[in-house]
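Sequential numbering from 1 along the given sequence is applied to the chain's residues. Counting starts at 1 for both ligands and their atoms, following the listed order.
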Amino acid sequence: MGKLGDILARQDETITMNSHLHIAPRVQAALQNNQAVVALESTLITHGLPYPTNVETALAMERAVEETGAVPATIAIINGKIIVGLSHEGIDDLGQEPPGSVRKVSRRDLPIAVGLGESGATTVAGTMIVAHWAGIRVFATGGIGGVHRGAPFDVSADLYELGRTPVAVVCAGAKSILDLPLTMEVLETQGVPVIGYGTNELPAFYTRTSGIALDACVDTPKRAADVIRALFALNLQQGIVFTVPVPEADAMPAEAAERAINQATAEAEAQGIHGKAVTPFLLARVAEITGGESRRANTALLINNARVAAQIALALSETT
Ligand code: PSU
Ligand code: MN
């Protein structure tokens, strides 16, 4: 943990909210002045993409948020301290940690990482919890977790977190490595609105369409902000999912994506991969099988989602 220890030393000063939560001053200032802030997760850095693509993509997401006029806040746990607004050096150090050495942190893992002074990368679920503590209402990621294909009992903690924590998650739908119809059923049960951003259909992460119709669609940041504002005005406690299709130029052909996903899923099963290891395994295998094509789609949609989330956060800050 030597290198990660240095992150804390080099993290620009943080404002300590309590003994566990540390917010970068630029993030805290933006929140106090009701300026737009976008939360970003760290599991995609440690578990979703290999080095150096992970660091390049995380920094490109921060840049996309900044260029749009909002403040990025990458969230991670370093030696038990929850950081909101990890420094660029911190992102680089985290991205260079050997695979498997940093804990993947959802709700159940938070007391372990904090209590034992470990470092951790927050998932969608973990990032939502911390963003909500910090007062951040908009969060950009790639795809939310969901119900796994062939294993309907393996339901991502992301879906239950969306049912209990009021944060707007901007994503490219659920990863198509999942069972999308079952994922939508669980979100419905959890009371989570899934809203197409410029589409009536649930995007399938690597591809723009899934054949699954959505109940609502918004076309502008302002309309998205209107829904988020209503969520908070009504004091509802669930999250909202905004789904943005992967940019056309970076989308994968549906058949190629489907074939790779089926093969990777079968391999995961044959190798007895389960629990929190499933999603990282599938993402990596699909990338290998498709000769990196899926990874290009993944990085492109991450950066695009960061930009859209920043536009929504800006609209939200303008009208409150
Ligand atoms: N989006 C990406 N890459 C990722 C993830 C999302 O483009 O690696 C991560 C998120 O952190 C999400 C997690 O919460 O995958 C889902 O893991 P699981 O299925 O074990 O809940
Ligand atoms: Mn799972």
Side-chain angles (χ1 to χ4, degrees), residues 39-51 53-58 60-61 74-77 94-95 99-100 102-110 120-131 139-162 165 167 169-180 182-183 186-187 203-207 239 241 243-246 250 252 257 261 264-265 268-269 273-287 294-306 309:
L40 300 169
E41 61 147 303
S42 43
T43 292
L44 68 93
I45 301 174
T46 53
H47 292 72
L49 295 166
Y51 182 80
T53 309
N54 56 355
V55 172
E56 287 161 10
T57 306
M61 290 175 79
T74 297
I75 291 173
I77 303 170
L94 196 63
V102 175
R103 187 180 288 273
K104 179 177 162 185
V105 178
S106 283
R107 177 173 283 268
R108 70 153 186 200
D109 313 281
L110 269 169
T122 49
T123 62
V124 168
T127 306
M128 286 182 77
I129 295 170
V130 175
F139 161 30
T141 184
I144 56 169
V147 181
H148 281 279
R149 290 190 189 186
F153 44 82
D154 183 351
V155 182
S156 172
D158 293 353
L159 302 189
Y160 297 104
E161 204 54 55
L162 280 160
T165 300
V167 170
V169 180
V170 179
C171 65
K175 297 182 204 68
S176 40
I177 56 176
L178 300 162
D179 188 320
L180 295 181
L182 288 188
T183 299
V186 174
L187 286 170
F205 197 67
Y206 300 126
T207 54
V241 177
T243 64
V244 186
V246 56
D250 305 294
M252 282 188 67
I261 289 162
T265 306
E269 211 166 301
I273 312 268
H274 66 272
K276 67 208 283 190
V278 173
T279 298
F281 175 87
L282 292 179
L283 289 174
R285 268 310 279 153
V286 169
S294 71
R295 198 150 273 155
R296 276 191 297 282
N298 196 350
T299 55
L301 67 84
L302 281 163
I303 296 163
N304 188 53
N305 292 348

Please state which part of Leu301 comes within less than 4.0 Å of ligand 1, counting heavy atoms only: side chain, backbone, both or neither.
-> neither
Is the shortest N/O to N/O distance between Thr122 and ligand 1 below 3.5 Å?
-> no
Residues which pass side-chain hydrogen bond (donor to acceptor under 3.5 Å, both in side chains) with Thr57, listed by chain and number, not counting sequence neighbours = none
To the nearest 0.5 Å, tell me how far Thr43 OG1 sits from Lys276 NZ.
-> 9.0 Å
Measure the shortest side-chain to side-chain distance between Leu94 and Thr46 over non-hydrogen atoms and say whether it is less than 4.5 angstrom.
-> yes
Is the closest side-chain heavy-atom distance between Val241 and Cys171 below 4.5 Å?
-> yes
Rounded to the nearest 0.5 Å, what separation is found between the CE atom of Met61 and the OG1 atom of Thr141?
-> 6.0 Å
Any side-chain heavy-atom pair from Val130 and Phe139 closer than 4.5 angstrom?
-> no
Any His47 heavy atom less than 4.0 Å to ligand 1 | no
Which ligand 1 atoms, with their elements, are less than 4.0 angstrom from a heavy-atom of Lys104?
-> 17 (O), 18 (P), 20 (O)
Side chains of Leu159 and Leu187: closer than 4.5 Å at any heavy-atom pair?
-> yes
Under 4.0 Å from a heavy atom of His148: give me the atoms of ligand 1 that qualify, with their elements.
-> 19 (O)
Ligand-side contact atoms (ligand 1) for residue partner Gly48, heavy atom cut-off under 4.0 Å = 8 (O)
Ignoring angles and geometry beyond distance, decide whether Lys276 reaches within less than 3.5 Å of ligand 1 through its nitrogen or oxygen atoms.
-> no
Check each atom of ligand 1 against the heavy atoms of Thr123 and keep those under 4.0 Å away; list them by number with element.
-> 11 (O), 14 (O)
For the Mn ion (ligand 2), how many protein N, O or S atoms lie at less than 2.8 Å?
-> 1
To atom 13 (C) of ligand 1, the nearest of Lys175, Met128, Glu41 on a heavy-atom basis is Lys175
Numbering as shown, the atoms of ligand 1 that approach Gly143 to under 4.0 Å (heavy-atom distance) | 1 (N), 6 (C)
Would you mind listing which atoms of ligand 1 come within a distance below 4.0 Å of any non-hydrogen atom of Phe205?
-> 7 (O)
Could you tell me whether the side chain of Asp179 and the main chain of Val147 form a donor-acceptor pair under 3.5 Å?
-> no
Do Ser106 and Glu161 have side-chain heavy atoms sitting under 4.5 Å apart?
-> no
Counting from 1, what ligand 1 atoms have a heavy atom of Leu283 closer than 4.0 Å?
-> 3 (N), 4 (C), 8 (O)
Please state which protein non-hydrogen atom is closest to atom 7 (O) of ligand 1 and give its distance, to 0.1 Å?
-> Asn298 OD1, 2.9 Å
When only distance counts, is Gly146 in polar contact with ligand 1, meaning an N/O pair under 3.5 Å?
-> no
What distance separates Asn305 CG from Thr243 OG1, expressed to the nearest 0.5 Å?
-> 9.5 Å
Per-atom contacts of ligand 1 with Ser156, taking only distances under 4.0 Å to non-hydrogen atoms = 18 (P), 21 (O)
Here the gap from Lys175 atom NZ to Asn298 atom CG, rounded to the nearest 0.5 Å, amounts to 8.0 Å
Going by heavy atoms in the side chains, are Val246 and Asn304 under 4.5 Å from each other?
-> no
What protein heavy atom is closest to atom 12 (C) of ligand 1, reported as residue, atom name and distance in Å?
-> Asp158 OD2, 3.4 Å
Going by heavy atoms in the side chains, are Thr279 and His47 under 4.5 Å from each other?
-> no
Nearest-neighbour protein heavy atom for atom 19 (O) of ligand 1, which is reported as residue plus atom name and distance = Thr279 OG1, 2.6 Å
Side-chain heavy-atom pair Val286, Tyr206 within 4.5 angstrom cut-off | yes
